[in-house]
Amino acid sequence: MFDYRIKDMQHWQHSSYEPYLPVTEKSNPITRDIDKASPKEIVEMLQKCDAEIFERTSHGNPMYQTLNSSSVVQTIVDVSKRVEVILKDPEDSLIVLSGCGTSGRVAFLLATSLNRWLASQHQKQIYSYIIAGGDKALLTSQETPEDDPLLGALTLGKVCVGKKHVLFIGISCGLSAPFVAGQLDFCLRNLEIFTPVLIGFNPVDMARTEPIQTCSFHFKEVAERMNEMQKQAKGLRAQSSSREAISGSSRMKGGSATKIILETILLAGHEAAYSKKAVTFNGILYSLNMFEKVHQITYSQTKELAALVQKAAISLRKKGHVYYLGWQTLGIIGIIDASECIPTFGAGFEDIRGFVRSGFSEMNNKEGDLSSLGPHFIIDHKDFVDTILPNLSDNDTVIFLYSENDDLNEVSVLAKNVRQRTSNLHAIAHELKGLSDPERMRSHFMTVLTIKWPSSLYKHSPVLMKQYWELSTKWCLNVISTGAHVLIGKVYMNYMIDLRVTNSKLYRRAIHILQRFTGSTQAQCETALLRAIYDVEELSDEMSSTDVTQHTLVANKRGSVVPIALVMLQSRRTIAEAKSYLDAYSVIRDAVAACQRLL
Ligand code: S6P
């Protein structure tokens, strides 16, 4: 099990500190006051949180294992060897990466990148990805399918038809997604074909035990069965634990750590299969250390990152927008970061948007061009030029994401076009050897955050370099979008309290947040939440007795249910009063603080 330990040991280890919550749902003491922090302090806090991914000591707590611990490294070695076997004999074989939300997006990125690389080497493309909710979920949040184990199993079955050997890597940061549990159960019942691997960031005894509809098992039971398999060297499981910077927001550390683990596993398998470089324990440790260097290099630019956080926050405060315009997978990272702001911060779809050169051809997703599905799926630079550029103003912040390997003339032309509308244009640029004419490039932008990569790090492997750039860009954008939303008051302490209650995990998280801030009992909080969801003063028997899935379907259509429930609990006001009270505050922190003053 991986474990991200924190320094504040006394507080952290205290058994009464959120004892009932799994580690991935606990709040992180590092960011407790993030809502009062300056841009620079926000960057420093996020830097520390991300550094926890690489901590080496488990502080004597045997329940947790760090990313570098011998059992985790050994698990990575074992899975990499399985990847090697499949790559050497790809006929009738498949490697499936699967998850929900961010976990599914990381699966998609890796599977498509590595398939592209295999094709370029005239090798068989053996990767497939599954994301709950299908390709729509790559760009928008589709949380409801996360609760459906049968859908998970069914989708996996379809992807694997006719295959004789399947390495299935299921990702659920919180060891919680029923969709993934259903797939693992399916694998465990068909071990003659499947080798199941589970990546997650809680110890097994913190895996979710909530009953899963229509199933005889819950996540923990499946994770325990995986444990048994591990003893028989059949099931391979990698785990870790992590407190997120914004409580429960596994798009951040969870997503980054997933990317690091998967890349380490898959690239080691590739090197073994194609470069005859055997997978070794020390080789894996070395790879993990390199990712730590990526973290250090990225965050060495604290001042520049803080300036971008500030710019983005000013734009959002002025009701302007933030646009990421990226090339290749850096553009996709931008689109993903932007789309995750909607469910994470209750952001508007127009607030932060991402675009990538060549749109869906660059995405290379299974379901192809989704642009006919609506504005959320308009992602090509051309669309930006046609629809956004004409109305761009200095209130908007534009951030280019490119590397030295992209067509810099094209970058310059687009930058010049944007400059005609706004001077608020910035870049995050990755350089290896350095540009022949850096000043010319720099002259297009107000600021350029240049990340220089030493050749010792990537050993001249273009695949590895690309993965480092992606992770580095992910860290930068997570910092910018999170920091900007924190600065405009969307977060209370380090909780996102205006969360959308669209699946059972989020339903439970909402109740916990209400308990955390009101001190009311679980039953009182659930009743208040349900009143806000159904928009009634009194719950009918039918409402009280219906299941969580039904509650989340109704909640999907309502806004601000948690803040409304919070005001009702704190001030004993009616729903109508709570709503008009909240309308007076655009800043959640102010609303909660004022609500507490009512007591
Ligand atoms: C988290 C993100 C969510 C999660 C999804 C899967 O910031 O908004 O979409 O990725 O809920 O979570 P998990 O724990 O199964 O990986």
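What you see below is based on every heavy atom in this structure, not just the backbone, and it leaves out hydrogens, waters and symmetry mates. Order of appearance sets the numbers: ligands from 1, and atoms from 1 within every ligand.
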For this session: Please work out which of the three classes, parallel, tilted or perpendicular, describes the rings of His512 and Tyr495, given edges at 30° and 60°.
Result: tilted

For this session: Determine whether the side chains of Thr66 and Glu55 contain a donor N or O and an acceptor N or O closer than 3.5 Å.
Result: no

Exercise. Considering only heavy atoms, which protein residues lie less than 4.0 Å from any atom of ligand 1?
Worked result: Cys100, Gly101, Thr102, Ser103, Glu146, Ser172, Cys173, Gly174, Ser176, Ala177, Ser249, Ser250, Arg251, Lys505

Problem set entry | Lys366 to Tyr129 six-membered ring, cation-pi geometry met (6.0 Å, 45°) | yes

Problem set entry | Exercise: do Asp369 and Ser371 side chains pair donor with acceptor under 3.5 Å | yes

Exercise. Does Tyr299 have its ring centroid less than 6.0 Å away from the ring centroid of His295?
Worked result: yes

For this session: May I ask you to check whether Tyr492 and Phe517 place their ring centers less than 6.0 Å from one another?
Result: yes

